[in-house]
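The next block holds one structure in the form of structure tokens; read it before the comments.
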Amino acid sequence: AARALVTGRSFIVGLVVPDLVHPFFGQVAKGLSSVLRKEGYSLVLSSSEDDPALEQQEIDQLLARRVDVLVVASTQNSVETFRRLEEQRVPYVLIDRKFEGLAANFVGVDDSAVGLLGATHLIEVGCRRIAHIGGPQVSTALGRLDGYRRALAAHGMAVADAYVCMREHGDDAGEVSGFKAMQGMLQLPARPDGVFCYNDPTAMGAMKAVLDAGLRVPEDVAVVGCGNVAYADFLRVPLTSVDQQSAAIGDRTAGLALGLLQRSKADAPAKPKTVLLEPQLVARESSRRG
């Protein structure tokens, strides 16, 4: 940030997410941009398309543009990129996805709590064969799977392998992944009567598969998603979802990024901060039984 003071240019925050058109990341970007704009700072958006190599390219390009702070929802399977950023003294904030063993600024939710909320709700509305359609091998998907397993275990229910499907594409092709995964599960001898999905697009794909099979949501299969996208209430069957407070994630990330800028100007590094927002279940028709 010191170079910005020398050149007189405006401060720039670079945002790298897996999918810019994904509703969750769009809402995060909107919240982030709203705060930064008021402070006179610019936001540059970039998409990794859930590809670690492309993510690295986008980060390199943002650094070449001399961004002052990076905000990343990472698809990486190692921390090497972020170790290099630390060596180069580039301030960064991780959002939504984090890494075990990496002490970094992070803003998101407790994903295990997300999974616990979603699966417990399905149990409480009477579901007994509860499936989970997950995402790629990132912290969000793994945490939500853990919460799903915890919920079932707490109620003395077994987790059947056939009822768990972790998909490679959780963000950029979530609807297709959810549709295909649910189609497979509906062919099981004892099909699921409830499904908790990694995110809302995946849940929308799962609902389409149920309805296309001539079944009813929620009477035959109750569906819960995650993200509480803006149009969840306007779907053919309004979707029950775990709200991650996406706009608040953007807002809190902006505050953290601005703090990093100030400390960078003062050449005063600080201990990384973790901001965890509380997920909340928003119940709608897709899980309302009886």
Side-chain angles (χ1 to χ4, degrees), residues 19 21-24 50 114-136 140-141 144-145 147-149 151-153 155-244 279 281-290:
D19 184 2
V21 299
H22 187 290
F24 169 74
D50 251 331
V114 168
L116 186 63
L117 267 177
T120 298
H121 173 70
L122 289 168
I123 295 169
E124 290 174 345
V125 299
C127 298
R128 291 298 175 263
R129 298 182 305 279
I130 300 171
H132 175 56
I133 303 176
T140 44
R144 291 168 200 179
L145 172 62
Y148 157 82
R149 292 183 182 277
L152 269 60
H155 289 81
M157 301 169 67
V159 177
D161 290 342
Y163 288 167
V164 176
C165 182
M166 303 300 284
R167 307 296 293 177
E168 180 180 353
H169 296 286
D171 291 315
D172 63 338
E175 298 92 336
V176 175
S177 292
F179 181 79
K180 291 181 178 178
M182 196 72 236
Q183 275 189 320
M185 289 179 180
L186 292 176
Q187 302 304 312
L188 295 172
R191 67 171 183 249
D193 60 359
V195 58
F196 166 61
C197 297
Y198 164 75
N199 61 18
D200 284 348
T202 301
M204 293 170 196
M207 280 203 298
K208 185 178 188 308
V210 173
L211 297 171
D212 283 2
L215 299 170
R216 300 166 299 166
V217 176
E219 293 86 352
D220 296 311
V221 184
V223 180
V224 175
C226 179
N228 195 31
V229 298
Y231 51 77
D233 201 29
F234 296 91
L235 298 172
R236 178 176 169 188
V237 180
L239 177 64
T240 292
S241 184
V242 180
D243 193 327
Q244 297 171 257
L281 185 94
V282 180
R284 298 190 180 94
E285 279 70 14
S286 72
S287 66
R288 285 180 178 152
R289 290 179 155 189

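This is a predicted model, so every value here is computed, not measured.
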Evaluation steps, side chain to side chain contact (heavy atoms under 4.5 Å, CB included), between Glu285 and Val217: CA-CA 8 Å; Glu285 279 70 14; Val217 176; over 6 Å; no
Kindly indicate, with the supporting measurements, whether the criterion side chain to side chain contact (heavy atoms under 4.5 Å, CB included) is fulfilled by Leu215 and Leu186. CA-CA 10 Å; Leu215 299 170; Leu186 292 176; 3.9 Å; yes
After noting the C-alpha distance and the side-chain angles of Leu145 and Val164, does the key distance pass the side chain to side chain contact (heavy atoms under 4.5 Å, CB included) rule? CA-CA 9 Å; Leu145 172 62; Val164 176; 3.9 Å; yes
Given side chain to side chain contact (heavy atoms under 4.5 Å, CB included), test Asp193 with Val221 step by step and report yes or no. CA-CA 4 Å; Asp193 60 359; Val221 184; 5.8 Å; no
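The nearest pair of heavy atoms linking Pro23 to Pro201 is CD-CG, 4.5 Å. Contact record, Cys165 with Met185: CB-CE, 3.7 Å, taken as the closest heavy-atom pair. Of all non-hydrogen atoms in Gly227 and Ser241, the two that sit nearest each other are N-OG, 3.2 Å.
Of the possible donor and acceptor atoms, one in the side chain of His22 sits under 3.5 Å from a partner among the backbone N and O of Phe24. Between the side chain of Arg284 and the main chain of Leu239, a donor-acceptor pair closer than 3.5 Å is present. The closest donor-acceptor contact from the side chain of Arg144 to the backbone of Tyr198 lies under 3.5 Å. Panel note: side chain Asp200, backbone Cys226; a donor-acceptor pair is recorded below 3.5 Å. Judged purely by atom type and a 3.5 angstrom limit, Arg289 uses its side chain to pair as donor or acceptor with the backbone of Pro218. The main-chain N or O of Cys197 is never found under 3.5 Å from a side-chain atom of Thr202 such that the two would form a donor-acceptor pair. Listed for the Tyr148 side chain is a donor-acceptor partner under 3.5 Å among the backbone atoms of Ile130.
Annotation: the span from Met182 atom CE to Leu211 atom CG amounts to 11.0 Å, rounded to 0.5 Å. The CG atom of Leu281 sits 9.0 Å away from atom CG of Asn228, with the distance rounded to the nearest 0.5 Å. Annotation: the span from Arg236 atom CZ to Ser286 atom OG amounts to 13.5 Å, rounded to 0.5 Å. To the nearest 0.5 Å, atom CD of residue Gln244 and atom CG of residue Asn199 are 8.5 Å apart. For the atom pair CG of Leu117 and CG of Asp243, the computed distance is 11.0 Å after rounding to the nearest 0.5 Å. In this structure, Phe179 CZ and Ile133 CD1 are separated by 11.0 Å, a value rounded to the nearest 0.5 Å.
Residue pairs meeting the side-chain hydrogen bond (donor to acceptor under 3.5 Å, both in side chains) criterion with at least one partner in residues 122-136, sequence neighbours excluded, are absent.
Between Phe196 and Val114, some side-chain heavy-atom pair lies under the 4.5 Å cut-off. Counting only heavy atoms from C-beta outward, the side chains of Leu152 and Ile123 approach each other to under 4.5 Å. At least one side-chain heavy atom of Met204 sits under 4.5 Å from a side-chain heavy atom of Tyr231.
Side chains of Thr240 and His121: a donor-acceptor N/O pair is absent below 3.5 angstrom, by distance only.
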